[in-house]
Trainee: 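I have a structure here, written as structure tokens, and I will follow up with some questions on it.
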Amino acid sequence: QVQLVESGGGLVQPGGSLRVSCAGSGIIFSLYDIHWYRQAPGKEREWVATISRSGSTYYVESVKGRFAISRDNAKNTVYLQMNNLKAEDTAVYYCNAGTTTWGQGTQVTVSS
């Protein structure tokens, strides 16, 4: 049974940094492209970033230069380092391996 567990969210001031993590079980992350999505209140879920099996990375335009996705296959974990955070980054962040399984998400709130 595939399980994804996101963690590391919290409250941070504008301009601050946060790293969220996605730990997988029942799935070998190294065999999959892994994606981060986010959903802000009242909005559709939005794709944020992808790291491919080979390590190539892709980002939505609004986070380029501020966010960095990485993976540790030995730990079966993917990370999203978020720098220079803005109020509009406030959302619940989810990871996904291209399957129908989603975790519970982790809340990121950017506010002064």
Side-chain angles (χ1 to χ4, degrees):
Q1 181 180 358
V2 176
Q3 287 190 322
L4 302 173
V5 178
E6 300 92 344
S7 62
L11 173 63
V12 62
Q13 292 186 344
S17 297
L18 210 57
R19 189 179 78 162
V20 293
S21 303
C22 168
S25 60
I27 181 173
I28 302 174
F29 267 14
S30 62
L31 301 180
Y32 292 82
D33 298 344
I34 305 297
H35 317 278
W36 279 100
Y37 290 80
R38 65 186 179 186
Q39 187 165 20
K43 293 189 175 181
E44 297 288 320
R45 190 168 295 186
E46 170 191 37
W47 169 75
V48 176
T50 293
I51 185 163
S52 73
R53 285 166 290 177
S54 64
S56 298
T57 57
Y58 308 89
Y59 302 93
V60 68
E61 191 65 34
S62 60
V63 308
K64 282 182 181 177
R66 301 188 298 120
F67 288 15
I69 188 172
S70 61
R71 67 195 304 159
D72 185 337
N73 289 333
K75 294 183 178 180
N76 222 37
T77 299
V78 170
Y79 305 98
L80 185 67
Q81 175 69 43
M82 303 182 288
N83 299 322
N84 191 21
L85 283 160
K86 304 176 180 181
E88 51 263 42
D89 296 317
T90 295
V92 178
Y93 285 72
Y94 302 89
C95 62
N96 183 266
T99 71
T100 58
T101 299
W102 294 86
Q104 83 290 347
T106 187
Q107 175 71 49
V108 172
T109 302
V110 184
S111 175
S112 55

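All residue numbers refer to positions in the sequence shown, counting from 1. Atoms considered below: every heavy atom in the structure, side chains included; atoms not considered: hydrogens, waters and symmetry mates. If you're wondering where the values come from, they're calculated on a predicted model, not measured in any experiment.
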Trainee: Check Leu31 against Arg53 and note the closest heavy-atom contact, atom names and distance.
Mentor: O-CD, 2.9 Å

Trainee: Looking only at side chains, do Ser111 and Thr109 share a donor and an acceptor under 3.5 Å apart?
Mentor: no

Trainee: Kindly compute the distance separating CG (Asn73) from NZ (Lys75), expressed to the nearest 0.5 Å.
Mentor: 12.0 Å

Trainee: Kindly say whether the aromatic ring centers of Trp102 and Tyr37 come within a distance under 6.0 Å.
Mentor: yes

Trainee: Please give me the minimum heavy-atom distance between Ile34 and Ala97, naming the atom from each residue.
Mentor: CD1-CB, 3.7 Å

Trainee: Can you name the closest pair of heavy atoms from Arg38 and Tyr93 and give their distance?
Mentor: NH1-OH, 3.0 Å

Trainee: Indicate the atoms forming the closest heavy-atom contact of Phe29 with Cys22, along with that distance.
Mentor: CE2-O, 3.5 Å

Trainee: Any luck finding a side-chain donor-acceptor pair between Asp33 and Ser52 under 3.5 Å?
Mentor: no

Trainee: To the nearest 0.5 Å, how far apart are CD in Gln39 and OG1 in Thr90?
Mentor: 14.0 Å

Trainee: Roughly how far, to the nearest 0.5 Å, is the CD1 atom of Ile69 from the OH atom of Tyr59?
Mentor: 6.5 Å

Trainee: Taking all heavy atoms of Val20 and all of Thr106, pick out the closest pair and write down the distance.
Mentor: CG1-CG2, 3.8 Å

Trainee: Heavy atoms only: give me the nearest Asn84-Ser17 pair and the separation to one decimal.
Mentor: N-OG, 4.3 Å

Trainee: Give a yes or no on this: more than 12 heavy atoms of other residues, nucleotides or ligands lie within 6.0 Å of atom OH of Tyr32.
Mentor: no

Trainee: Do Val108 and Leu11 sit in the same hydrophobic cluster, where Ile, Leu, Val, Met, Phe, Trp and Tyr count as joined when their side-chain heavy atoms come under 4.5 Å apart?
Mentor: no

Trainee: Going from CD on Glu6 to CG on Leu80, what distance comes out if it is rounded to the nearest 0.5 angstrom?
Mentor: 11.5 Å

